[in-house]
*Asks:* 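Take a look at the following structure, please.
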Amino acid sequence: MPAQCGGVVNSTLSPTEPDNQEGDIECPGAVAGNGPQASNSYNHLDNKMAGPTQPGPPGRHLGHYPSLPPGYQNTSVPHATPPIHPAMQAATQPYTQAPQPYQQPPGGLGPAQLSPSLAAMSLQSSTPEALRVVNLLQERNLLPPAPVPAPTPCLTQDLQKLNCSPEVFRSTLTSIPQTQSLLNKAKMPLGLLLHPFKDLSQLPVVTSSTIVRCRFCRTYINPFVSFLDQRRWKCNLCYRVNDVPEEFMYNPVSRSYGEPHKRPEVQNATIEFIAPSEYMLRPPQPAVYLFVLDVSHNAVETGYLNVFCQSLLDNINSLPGDSRTKVGFITFDSTIHFYNLQEGLSQPQMLIVSDIEDIFLPTPDSLLVNLNESKELVQDLLKSLPNLFEKTMETQSALGSALQAAFKLLSPTGGRMSVFQTQLPNLGVGALQSREDPNQRASAKDIQHLAPATDFYKKLALDCSSQQVAVDLFLLSAQYCDLASLGCISRYSAGSVYYYPSYHHQHNPAQVERFQKDLKRYLTRKIGFEAVMRIRCTKGLSIHTFHGNFFVRSTDLLSLPNVNPDAGFAVQMSIEENLDDMQVVSFQAALLYTSSKGERRIRVHTLCLPVVNSLSDIFAGADVQAITGLLACMAVDRSVTASLSDARDAMTNAAIDSLMSYRQSVLTIQQPGLLVPACLRLFPLYILALLKQKAFRTGTSTRLDDRVFAMLQLKYQPLAYAMLMIHPALYRVDDLTDEGALNINERTIPQPRLLQLSVEKLSREGAFLMDAGIVMYLWIGRNCHSNFLTQVLGVPNYAAVPDNLYLLPELDTAESQRTRAFIGWLRDQRPFFPSLHIIRDESQLKASFMQNMIEDRTESALSYYEFLLHLQQQISK
Ligand SMILES: [Zn+2]
């Protein structure tokens with residue numbers, strides 16, 4: 001570093017260095033597997049609906065509804081809605097003025113130097129398209145041909161260019177209301193959705209002896225601060241003025257002096273710092289992995305142990321870590337078994353502790369061992385474990401004691417506990433009893449037992465959290481396991497839950513494949529230890545309710561003993577003080593963690609949004625997917641604290657209230673119909689989809705664990721994946737062409753258009769792919785073209801399509817290549833592995849496929865059209 005740089009001695013910087021320090025950069029081509037979602041619950045689905053009763057209307061009860069066939073498009077609208085000529089409709093639109101040009105910042109100044117008043121756009125420039133009036137009772141083909149993109153906040157191009165990616169950070173309202181009363185009027189939830197540790201292909205990483213933060217509110221310097229001059233900057237969260245430190249005057253990228261606004265910290269809304277020692281409470285912990293394995297008779301029957309041991313053997317050199325990495329193993333049935341893996345032993349030594357009431361560690365120092373030093377012993381153990389319990393007749397499960405033992409073992413260091421469980425724990429502390437009455441699955445008015453049966457798992461999770469231990473739960477079971485109780489162990493310790501219902505090594509190959517792929521991703525993905533996340537926002541805004549897996553340590557500090565790249569979070573916000581003088585507000589999430597290489601790092605994301613003072617501007621900025629995702633999180637909480645029917649009503653009312661507000665306060669000209677702004681045109685559909693989602697549906701047989709798992713997922717999945725669970729994507733795939741295809745790494749990826757979820761869109765001559773997140777269905781029509789059958793499925797005719805087919809044959813035909821390329825591409829875009837089920841009309845799984853036809857009426861739920869009528873009646877009351 002040149003001496004004239006005024007005291008800067010150790011700034012090094014690699015602004016566009018891929019974040020490969022963990023050795024696990026995101027690799028779009030690699031199938032990754034973190035797929036904790038209920039997929040094929042077909043073994044448990046009663047293929048009958050809940051009796052031929054007239055479906056009750058959701059939410060506010062109004063009595064009788066006309067029952068319509070699913071394909072209402074073909075029937076006349078049974079409502080006194082005079083059709084509006086398109087020309088007339090256009091004439092009645094209140095927002096027809098031409099968009100104003102964006103205000104240009106003064107020449108030569110970066111956006112960080114703009115004063116806030118120049119930063120926001122004028123109100124007239126709100127996107128007219130977002131507010132185009134849509135009559136849902138008339139316009140039917142509302143789904144865009146491709147997945148819905150996040151709306152772009154109404155900011156100057158220069159600010160927007162610097163803004164955080166919506167994949168990492170987005171708000172339900174991309175225009176923030178100036179006051180809480182305005183927000184109350186809009187009747188839309190205000191909140192943030194985050195995917196803070198997402199795998200990124202490009203991440204600027206900064207090493208600096210001084211991390212520049214506001215000395216009043218501790219905000220990290222970011223692209224949305226303003227520089228008063230070269231020596232002073234104004235914080236965009238608390239508006240107080242700070243000095244620019246001497247070191248910051250030098251820009252290591254341009255190697256120039258005196259341009260603080262060009263530093264990468266003020267050029268990147270997502271950035272990572274390597275933290276100096278003041279960010280450490282103790283020396284950074286090593287990567288520590290403890291595996292806790294159910295080896296009861298039931299577990300051995302499923303055959304999971306083979307897959308687990310083989311996966312860990314295959315990936316043992318790819319576990320994130322360094323020379324300090326430690327591993328350990330505990331197995332359990334009615335007793336707890338430890339493994340002495342101390343370097344120098346000729347083989348692993350098994351130590352059995354049968355006193356499960358007062359658990360102790362037999363040889364505390366040799367149970368968690370250095371992976372490099374004891375690698376051969378570990379490999380020996382993994383090779384012999386499956387055989388060790390092959391003949392066991394032990395049926396009991398002392399999971400609670402095993403978790404206590406594991407906690408004791410990990411407490412001194414912190415680390416990750418991976419628990420594999422295959423049945424209801426029935427012995428010792430934490431023992432559970434079955435609470436599910438299968439006969440009530442479809443008929444119950446309200447769903448019981450969504451809350452935990454005991455606080456044992458939550459308490460243990462909080463103990464874990466305080467010792468920097470996170471617990472990931474892999475539940476592989478055919479039977480009820482009380483996930484509502486067991487899940488607490490991961491939820492409060494910032495772990496993840498993976499669920500493989502009816503896992504069996506022979507009977508369920510699709511689950512086995514999913515488990516294998518998920519394990520590979522799980523074992524090799526990036527991990528952060530002893531993490532905390534804080535979310536700050538501009539003065540006047542306040543964050544109050546958090547969703548995701550964590551423990552709230554103090555009002556805005558989330559304790560995350562582990563953080564993984566596949567975890568999402570959401571927070572609700574309120575407006576405490578009027579934002580009168582502000583043109584923009586900012587939100588900053590800072591995640592402090594220890595990398596698997598023992599570095600203390602801080603990943604910072606900053607999002608900037610405009611403040612508006614009219615309802616129409618608020619509506620124009622509504623992010624319908626983010627709103628849906630946040631409402632889903634709120635509804636999960638409501639289901640547990642109040643009741644499922646309360647939660648369902650709340651979701652329906654959210655649609656009614658916001659659209660009523662729009663109609664009463666934004667629409668200038670009243671006209672008949674169900675009128676919504678274009679940006680919310682999918683809102684009623686998404687709400688109906690939530691009501692029919694496994695988490696919230698009623699009247700359809702749903703296993704309690706499946707329901708609870710869906711709820712956990714809605715709270716924990718990043719929005720993009722949650723949306724697939726809520727509203728699956730449907731494509732016709734028997735006529736894929738290269739027209740409009742993507743070309744990625746010399747592979748041609750066809751891009752069929754999205755279809756509405758209605759049987760009306762199906763055709764017996766076709767084949768249709770439904771992508772529901774962790775599960776995909778390929779439905780083959782009875783009269784499917786023989787070309788598809790022979791060229792893609794490799795069978796001569798429909799009757800020859802085998803049952804339980806879950807793999808597409810690799811045929812050397814253009815059709816086969818296109819279909820596999822498309823499915824592979826869909827899979828590559830998520831960190832978990834969706835299983836594929838190829839189904840015919842006769843297949844058991846057809847019911848699961850059909851249940852996702854959200855727009856259609858079932859015996860227990862309204863069709864989309866009926867739901868729209870219900871909303872309309874409520875709104876025009
Ligand atoms: Zn500040």
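First listed ligand is number 1; within each ligand, the first listed atom is number 1.
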*Asks:* Apply the side chain to side chain donor-acceptor pair (under 3.5 Å) test between T594 and each candidate in Q285, E599, R600; give the one that qualifies.
*Replies:*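 Of all the options given, the one that passes is R600.
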
*Asks:* Within a strict 4.5 Å, meaning less than it, do heavy atoms of the D580 and Q178 side chains meet?
*Replies:*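 Result yes, sub-4.5 Å side-chain heavy-atom pair found.
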
*Asks:* Taking the side chain as every heavy atom from C-beta outward, state whether V206 and I274 have any atom pair closer than 4.5 Å.
*Replies:*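 No, every pair of side-chain atoms sits at 4.5 Å or beyond.
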
*Asks:* Would you call K539 and E576 a salt bridge, using N to O less than 4.0 angstrom?
*Replies:*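 Answer for the salt bridge query: no.
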
*Asks:* Backbone N or O of A626 within a donor-acceptor pair of the D623 side chain at under 3.5 Å?
*Replies:*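 Here the side-chain-to-backbone pair exists.
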
*Asks:* Taking R231's backbone N and O only, do any of them form a donor-acceptor pair with D229's side chain (distance below 3.5 Å, no angle check)?
*Replies:*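 Confirmed, D229 side chain pairs with R231 backbone.
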
*Asks:* Listing by chain and number, what protein N/O/S atoms are under 2.8 Å from the Zn ion (ligand 1)?
*Replies:*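 Near the Zn ion (ligand 1), below 2.8 Å, one finds C214 SG, C217 SG, C235 SG, C238 SG.
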
